[in-house]
S.K.: 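Got a structure here, written out as structure tokens. Questions coming.
First listed ligand is number 1; within each ligand, the first listed atom is number 1.
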Amino acid sequence: HGDIVKVPILGNESIILGFHLISFIAADLVQNVKASTYVVITDSNIASLHLSPVVSAMKAAMETQGSTSRIMSRVIKPGELSKSRVTKAALEDWLLSEVCTRDTCLIALGGGVIGDLVGFVAATFMRGIPFVQVPTTLLAMVDSSIGGKTAIDTPHGKNLIGAFWQPKRIYMNLSFLSSLPKREFVNGMAEVIKTACIWSLNDFIKLEEGVEKIQDAVLKGVEDNVTGSTVETRTEGQCLLLDVIVSSARVKAHVVTVDERETGLRGLLNYGHSIGHAIEAILAPEVLHGECVAIGMIQEAELSYSLGHLGSASIERISRCLSSYGLPISLEDERLLCRSNGKPCPVNNLMDNMRIDKKNSGSTKKIVLLSAIGKTLEQKASAVNDEAIEAVLKA
Ligand code: ADP
Ligand code: ZN
């Protein structure tokens, strides 16, 4: 496979990106991530679209390489509710009933829900077994599959029980994106734009200028899955899509490599998330993570402006870029109000929600402040007083 891109993380070139990667993934796993049993875990939406080609490719690779390993698969219900103790226990009991031992490799085929859940099962099964991420959503590619954060939710909140457990490989097969609903693609673009905002003006300009080509590459990508996209036949849009996903993944991988346990630099990835999560706690599941983060990015940029660190033209530019991909930029956005059924987000509720942020130190809130597009005020989130935050939320 001549046209794959490899990105290093924590000293290994374990992030692999490209189009039409299924046979490559299978061959690489059988050869380099040896296991007596491979278990593909996915949700029912993804299973109906992509599971059987993955399982067939694994069987073919084992046959070619003379491997006698087992390949099994398990399908769970789609949706955040599956990131639960109950689903985790059911998966574990099934693995035990199938006599899976330490030399089992789990393959998380899916979005963030599958990746977080399967990663956490891998982290604790027999005190830890290998797993690989095969993200199928844009959000999972650029964000949740990288960095080794695994978790399930509890009634007290999201991602409260989990572990740091690094996948052996992260395979980003961009061809999977062609079946993704447009809204889910746009959801992932919020994180791509976020990363450019904290790290690279150059990447931000590519995103500003590439809106149509990037969208076309995903939405019109279906025929290309049949005819195949190689380096020679790849459209300009597909090149650009690969380019922006690689850039985003590279930044995340670098930040994780420098600060795996999030004591400083990794915290920059939370730009837009302090306020975004507070909104999400009220509006989820009707409003998606990236949609809340997009609004959070604007409000946190306004916070930076109000503290004298960021120019108003930068806020304008970020707003224009987010909306050009179809993301909301304020709580008054028409589509947002339609999705949330007009549910209000009172300032005091938002402030309360921000109090329980894992990132705060004591009662002081920590928020990532931009000093320009592509630059942050500090190499970590900054301490901000409540009055300044309240003023922005009220505006
Ligand atoms: P995320 O990655 O955004 O955190 P999920 O794991 O909840 O979220 O996935 C979002 C939704 O998209 C789920 O309903 C899932 O089944 C569906 N999905 C994931 N990947 C694909 C794909 N490649 N094609 C179509 N639907 C997909
Ligand atoms: Zn996020």
Side-chain angles (χ1 to χ4, degrees), residues 19 21-22 40-51 53-54 75-84 87 108-120 133-147 149-153 158-159 170-195 197-198 218-219 221-222 225 245 248 251-252 255-256 262 266-281 284-297 300 322 327 357-359 368:
F19 291 87
L21 283 192
I22 293 177
V40 185
I41 300 163
T42 193
D43 76 30
S44 55
N45 293 335
I46 303 152
S48 61
L49 296 159
H50 305 294
L51 180 58
V54 170
V75 178
I76 67 171
K77 268 200 216 132
E80 190 71 26
L81 290 178
S82 285
K83 262 178 73 172
S84 67
T87 317
L109 175 70
V113 168
I114 290 290
D116 286 7
L117 170 73
V118 172
F120 190 37
Q133 291 275 16
V134 187
T136 59
T137 65
L138 178 61
L139 186 69
M141 288 182 189
V142 297
D143 197 39
S144 54
S145 70
I146 307 174
K149 281 188 185 174
T150 72
I152 54 172
D153 305 333
K158 285 177 70 179
N159 298 329
I170 306 164
Y171 298 105
M172 302 187 189
N173 176 25
L174 273 52
S175 304
F176 285 144
L177 297 178
S178 52
S179 61
L180 197 63
K182 170 147 197 243
R183 188 176 171 199
E184 294 289 343
F185 179 75
V186 171
N187 187 41
M189 281 309 298
E191 302 279 359
V192 174
I193 298 167
K194 171 207 75 180
T195 302
C197 285
I198 59 161
V218 181
L219 305 173
V222 189
N225 278 340
I245 295 176
S248 220
V251 174
K252 174 129 196 199
V255 167
V256 167
E262 194 165 323
R266 185 167 177 175
L268 293 185
L269 297 167
N270 290 311
Y271 168 52
H273 283 62
S274 303
I275 298 178
H277 275 150
I279 298 171
E280 194 179 2
E286 285 76 17
V287 182
L288 304 179
H289 177 72
E291 296 166 350
C292 297
V293 167
I295 299 169
M297 285 167 66
E300 292 178 20
L322 290 168
L327 286 158
D357 194 319
K358 288 195 213 77
K359 298 177 292 293
V368 177

S.K.: Could you tell me whether a side-chain N or O of Asn187 sits under 3.5 Å from a main-chain N or O of Gly290, the two making a donor and an acceptor?
M.R.: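 Flag set: sc Asn187 to bb Gly290 pair under 3.5 Å.
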S.K.: To which of Gly112, Ala140, Gly115, Ala108 does the heavy atom nearest atom 2 (O) of ligand 1 belong?
M.R.: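 Heavy atom nearest to atom 2 (O) of ligand 1 belongs to Gly112.
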S.K.: To the nearest 0.1 Å, how far is atom 18 (N) of ligand 1 from its closest protein heavy atom, and which atom is that?
M.R.: Ile46 CG1, 3.9 Å
S.K.: Looking at Glu191, pick out the N, O or S atom nearest to the Zn ion (ligand 2) and give its name.
M.R.: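 Minimum-distance N/O/S atom of Glu191 relative to the Zn ion (ligand 2) is OE2.
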S.K.: List the closest protein heavy-atom neighbour of atom 27 (C) of ligand 1: residue, atom name, distance to the nearest 0.1 Å.
M.R.: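 Result: Leu180 CD1, 3.7 Å.
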S.K.: Closer than 4.0 Å to some heavy atom of Leu49 - which atoms of ligand 1 meet that?
M.R.: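 Close to Leu49: 24 (N), 25 (C).
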S.K.: Is ligand 1 under 4.0 Å from a heavy atom in the side chain of Asn187, in the backbone, in both, or in neither?
M.R.: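 The part of Asn187 near ligand 1 is the side chain, not the backbone.
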S.K.: Ion pair present between Lys252 and Asp143, side-chain N to carboxylate O less than 4.0 angstrom?
M.R.: yes
S.K.: Is Leu139 close to ligand 1, meaning an N/O of one under 3.5 Å from an N/O of the other?
M.R.: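 No, no N or O pair falls under 3.5 Å.
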S.K.: By number and element, which atoms of ligand 1 are closer than 4.0 Å to a non-hydrogen atom of Glu184?
M.R.: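 It comes down to these atoms of ligand 1: 3 (O), 10 (C), 11 (C).
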S.K.: Closer than 4.0 angstrom, basic N to acidic O: yes or no for Lys158 and Asp153?
M.R.: no
S.K.: Would you say Phe176 has any N or O atom under 3.5 Å from an N or O of ligand 1, going by distance alone?
M.R.: yes
S.K.: How close does the nearest protein non-hydrogen atom get to atom 24 (N) of ligand 1, and which residue and atom is it?
M.R.: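 For atom 24 (N) of ligand 1, the nearest protein heavy atom is Ser179 OG, 2.7 Å.
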S.K.: Check whether the side chains of Lys83 and Asn159 place a donor and an acceptor atom closer than 3.5 Å, and report yes or no.
M.R.: yes
S.K.: Counting N and O atoms only, with roles assigned by atom type, does the side chain of Ser248 sit under 3.5 Å from a partner on the main chain of Val142, one being a donor and the other an acceptor?
M.R.: no
S.K.: Spell out, as yes or no, whether a donor-acceptor pair under 3.5 Å connects the side chain of Lys194 to the backbone of Leu269.
M.R.: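 A pair under 3.5 Å: yes.
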S.K.: Between the main-chain N or O of Gly111 and the side-chain N or O of Thr137, is there a donor-acceptor pair closer than 3.5 Å?
M.R.: no
S.K.: Could you verify whether a donor N or O on one side chain and an acceptor N or O on the other, from His50 and Thr136, lie under 3.5 Å apart?
M.R.: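 Thr136 and His50 do not have a side-chain donor-acceptor pair below 3.5 Å.
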S.K.: If we ignore angles and hydrogens, is there a donor and acceptor under 3.5 Å between the side chains of His273 and Glu300?
M.R.: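 No, no side-chain donor-acceptor contact under 3.5 Å.
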S.K.: Where is the nearest protein heavy atom to atom 26 (N) of ligand 1: which residue, which atom, and how far?
M.R.: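 Sorting protein heavy atoms by distance from atom 26 (N) of ligand 1 puts Pro181 CD, 3.9 Å first.
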S.K.: So, the side chain of Ser175 versus the backbone of Phe19: is there a donor-acceptor pair under 3.5 Å, distance only?
M.R.: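 No, the answer is negative, given that no donor and acceptor are paired below the 3.5 Å cut-off.
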S.K.: Can you give me the NE2-the Zn ion (ligand 2)-NE2 angle for His273 and His289, to 10°?
M.R.: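 Answer comes to 100°, rounded to 10°.
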S.K.: Check each of Asn45, Thr42, Ile114, Leu109 against atom 14 (O) of ligand 1 and report the one with the nearest heavy atom.
M.R.: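 Result: the heavy atom closest to atom 14 (O) of ligand 1 is in Asn45.
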S.K.: Heavy-atom distance under 4.5 Å between the side chains of Ile146 and Met172, does that happen here?
M.R.: yes
S.K.: What protein heavy atom lies closest to atom 20 (N) of ligand 1? Include the residue and the distance to one decimal.
M.R.: Thr136 OG1, 2.7 Å
S.K.: Against heavy atoms of Asp43, which atoms of ligand 1 measure under 4.0 Å?
M.R.: 15 (C), 16 (O)
S.K.: Report the nearest protein non-hydrogen atom to atom 7 (O) of ligand 1: residue, atom name, distance rounded to 0.1 Å.
M.R.: Val113 CG2, 3.4 Å
S.K.: Just jot down the ligand 1 atoms closer than 4.0 angstrom to any heavy atom of Thr137, in number order.
M.R.: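 Those of ligand 1 that fall under 4.0 Å from Thr137 are 1 (P), 2 (O), 9 (O), 19 (C), 20 (N).
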